[in-house]
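Only heavy atoms go into these numbers, but all of them, side chains included; no hydrogens, no water, no symmetry mates. In this chain, numbering begins with 1 at the start of the sequence shown.
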Amino acid sequence: MRRFLLLITLAVIVILAGFFGYKYYFVFGRGVKAGELNYFVQKGYVFKTYEGRLIQTGYRSKQPGALQSNEFQFSVADERIAQQLMTASGKFVELHYKEYLGAIPWRGYSNFIVDSVISMKDAN
């Protein structure tokens with residue numbers, strides 16, 4: 001009976017570890033987003049994370065004659081990339097990101113984690 005409980009406990013631990021790894025560490029998607037960097041801040045009570053917002057403009061809208069604006073909210077885990085973006089507010093940037101299925105507090109508030117800056121130039 002004791003051996004059976006040990007096997008059940010180990011199976012539950014392995015299943016939970018697999019679920020946690022899949023949900024928070026499996027890279028669901030990769031991509032590039034471009035737009036004007038609206039803001040970039042470091043915030044948090046316990047875990048200080050870097051958070052930013054990119055404004056992407058477009059021409060399609062549900063109402064005729066109106067422009068569509070899309071926001072891309074992201075987090076940055078790498079200190080070097082965060083320092084690059086701290087001085088880029090208002091600039092046009094291209095960011096490479098990874099998309100995870102869930103956010104964890106020490107990585108950031110967003111499921112989208114920027115891992116590199118492809119280009120950075122003035123908005124005009």
Side-chain angles (χ1 to χ4, degrees):
M1 182 68 173
R2 189 172 190 191
R3 182 177 167 105
F4 177 72
L5 288 176
L6 179 63
L7 288 176
I8 295 295
T9 303
L10 288 175
V12 168
I13 290 172
V14 167
I15 290 170
L16 287 176
F19 173 77
F20 184 81
Y22 177 74
K23 174 113 173 127
Y24 298 109
Y25 289 98
F26 173 72
V27 177
F28 178 69
R30 298 174 196 268
V32 175
K33 297 272 188 178
E36 186 177 330
L37 187 63
N38 184 270
Y39 74 84
F40 190 74
V41 296
Q42 182 182 27
K43 64 182 180 179
Y45 293 109
V46 176
F47 298 105
K48 297 289 186 188
T49 61
Y50 293 99
E51 308 297 325
R53 182 184 323 176
L54 195 68
I55 303 296
Q56 302 172 286
T57 56
Y59 295 105
R60 295 184 190 154
S61 178
K62 293 180 181 177
Q63 297 178 347
L67 288 177
Q68 172 182 327
S69 179
N70 295 317
E71 294 180 355
F72 174 61
Q73 295 190 357
F74 62 91
S75 300
V76 174
D78 188 350
E79 184 78 27
R80 182 182 54 82
I81 295 166
Q83 293 308 316
Q84 282 181 309
L85 292 174
M86 277 291 188
T87 60
S89 185
K91 293 185 178 181
F92 184 84
V93 295
E94 288 181 283
L95 304 174
H96 184 270
Y97 67 91
K98 294 179 183 176
E99 180 181 358
Y100 295 92
L101 297 173
I104 46 181
W106 53 89
R107 190 169 58 199
Y109 294 114
S110 174
N111 293 355
F112 300 98
I113 308 298
V114 169
D115 60 355
S116 66
V117 176
I118 297 172
S119 71
M120 187 182 315
K121 55 188 171 189
D122 289 330
N124 296 332

Does [X] belong to the same Ile/Leu/Val/Met/Phe/Trp/Tyr cluster as [Y], with side-chain heavy atoms less than 4.5 Å apart forming each link?
X	Y	answer
W106	V46	yes
F92	V117	no
F47	I104	yes
Y50	L85	yes
L37	M86	yes

Closest non-hydrogen atom pair between [X] and [Y], with its separation:
X	Y	value
D122	K91	OD1-CE, 3.9 Å
M120	Q84	CE-O, 3.8 Å
V32	Y97	N-CE2, 3.6 Å
T9	L5	OG1-O, 2.7 Å
A103	G108	CB-O, 3.7 Å
S75	S110	OG-N, 3.2 Å

How far does [atom1] of [X] sit from [atom2] of [Y], to the nearest 0.5 angstrom?
X	Y	atom1	atom2	answer
L95	K33	CG	NZ	10.5 Å
I113	K98	CD1	NZ	10.0 Å
S116	R80	OG	CZ	8.5 Å
Y25	R107	OH	CZ	6.0 Å
E71	R53	CD	CZ	4.5 Å
F112	L54	CZ	CG	12.0 Å

Check: Under 30°, 30 to 60°, or over 60°: which ring-plane class applies to F20 and Y24, parallel, tilted or perpendicular?
Finding: tilted
Note to self: Please verify the inter-ring angle class for F74 with F40; under 30° counts as parallel, over 60° as perpendicular, anything in between as tilted.
What the structure shows: parallel
Check: Does the E51 side chain pair with the main chain of Y109, one donor and one acceptor, at a distance under 3.5 Å?
Finding: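 Yes, because the side chain of E51 sits within donor-acceptor range (under 3.5 Å) of the backbone of Y109.
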Notebook entry, point to check: Are the side chain of N111 and the backbone of E99 linked by a donor-acceptor contact shorter than 3.5 Å?
Noted result: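 No: the side chain of N111 does not pair with the backbone of E99.
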